[in-house]
Amino acid sequence: ICAMLFIIPGFPFITSGIDLAKLDMRSGMERLTYALIIVLVATMSAWIMAMLLHLQPVDFIKIHMPVAMWILTRLIASFFGVFGFNSPVRLACSAAVLGAVANPLRLELVDLAALPPAVTAFIGALTAGLLASLLKNKVGYPRISVTVPSIVIMVPGLYLYRGFYNLGI
């Protein structure tokens with residue numbers, strides 16, 4: 001379920017936000033509607049299967065390790081989570097470095113500073129955008145090409161599914 005909802009709506013959600021911020025209402029609303037349709041169909045399908053198979057969403061298993069190891073693991077996982085997108089290696093590495101900074105920052109702000117996930121998602125996305133602005137001339141790619149893959153990893157598929165599951169219940 002997490003894998004299904006992890007990446008599917010990410011690009012349309014992010015690009016719709018970018019379009020709406022640029023006041024390109026038509027494209028922004030079309031992409032947002034497309035993303036919402038995908039989320040609705042995916043979460044409804046997953047919810048129906050969960051009902052048929054008597055499955056329930058549960059919290060992640062708590063892993064006990066030192067904070068430094070926890071942060072290092074998140075850095076590595078975030079790097080490879082972003083690096084896996086289909087793009088040239090130099091672009092993938094650039095986006096992965098941004099993702100390896102922004103996503104663990106978001107996660108650590110939730111865990112260590114107890115900030116709300118929505119606030120930390122904003123801070124993580126803002127960090128990725130600002131870093132992309134600094135890097136764009138050095139890597140030779142447009143800012144959006146580096147920013148979007150580094151932010152897609154932050155789209156909360158599990159929370160979308162849980163929300164729909166709880167509405168269904």
Side-chain angles (χ1 to χ4, degrees), residues 1-21 28 31-32 34-36 38-39 42-43 46 57-164:
I1 290 170
C2 292
M4 176 180 68
L5 295 174
F6 173 68
I7 193 66
I8 294 173
F11 278 107
F13 268 135
I14 291 168
T15 54
S16 73
I18 292 169
D19 287 340
L20 292 171
R31 288 180 180 171
L32 181 60
Y34 172 71
L36 291 174
I38 290 174
V39 168
T43 54
V58 295
D59 287 333
F60 292 115
I61 298 171
K62 299 289 182 198
I63 299 174
H64 301 286
M65 65 175 74
V67 174
M69 183 65 168
W70 188 250
I71 293 171
L72 180 64
T73 304
R74 284 181 168 171
L75 286 168
I76 293 168
S78 296
F79 178 88
F80 286 107
V82 176
F83 184 81
F85 288 100
N86 186 15
S87 57
V89 174
R90 186 170 174 193
L91 174 58
C93 282
S94 301
V97 168
L98 292 184
V101 172
N103 191 47
L105 173 66
R106 172 185 71 93
L107 296 170
E108 296 309 325
L109 286 173
V110 170
D111 290 346
L112 300 177
L115 291 174
V119 172
T120 64
F122 173 78
I123 292 169
L126 179 64
T127 301
L130 293 173
L131 290 174
S133 294
L134 295 173
L135 278 176
K136 71 179 180 173
N137 294 331
K138 292 179 181 165
V139 297
Y141 291 105
R143 183 179 55 215
I144 194 167
S145 299
V146 183
T147 306
V148 171
S150 66
I151 294 175
V152 167
I153 198 170
M154 296 185 223
V155 174
L158 178 62
Y159 295 119
L160 295 170
Y161 168 70
R162 278 189 177 170
F164 195 91

* Asked: Are N103 and V82 close enough that some pair of their side-chain heavy atoms sits under 4.5 Å apart?
  -> no
* Asked: Taking side chain as C-beta onward, heavy atoms only, is V101 less than 4.5 Å from L105?
  -> no
* Asked: Is it true that atom CE of M65 has more than 12 heavy atoms of other residues, nucleotides or ligands lying nearer than 6.0 Å?
  -> yes
* Structure fact -> Heavy atoms of P149 and I144 approach each other most closely as CD-O, 4.1 Å
* **Interatomic distance, T120 atom OG1 to L112 atom CG [nearest 0.5 angstrom]** => 11.5 Å
* Asked: Where do C93 and F79 come nearest, in terms of heavy atoms and distance?
  -> O-CE1, 4.2 Å
* About how many Å separate CD1 of I76 and CD1 of I71, when rounded to the nearest 0.5 Å? -> 12.5 Å
* To do: Drop me the distance from L98's CG to L134's CG, to the nearest 0.5 angstrom.
  => 9.5 Å
* To do: Provide the closest heavy-atom pair for Y141 versus V146 in the form atom of the first, atom of the second, distance.
  => CB-CG2, 4.2 Å
* Asked: Could you give the distance from CH2 (W70) to CG (L75), rounded to the nearest 0.5 Å?
  -> 12.5 Å
* G124 versus A102, closest heavy-atom pair with distance -> O-CB, 3.3 Å
* Structure fact -> In terms of heavy-atom contacts, V139 and S94 come closest through CG1-OG, 3.2 Å
* Asked: Between I18 and T147, does a side-chain contact (heavy atoms from CB on, under 4.5 Å) hold up when you go through it step by step?
  -> CA-CA 11 Å; I18 292 169; T147 306; over 6 Å; no
* Asked: What distance do L115 atom CG and I123 atom CD1 have between them, rounded to the nearest 0.5 Å?
  -> 6.0 Å
* Asked: In terms of ring plane angle, is the pair F83 and F80 parallel, tilted or perpendicular, where the classes change at 30° and 60°?
  -> perpendicular
* Between CG on residue D111 and CZ on residue R106, distance to nearest 0.5 Å -> 10.0 Å
* **Least distance between heavy atoms, A128 atom then S150 atom** => CB-OG, 3.6 Å
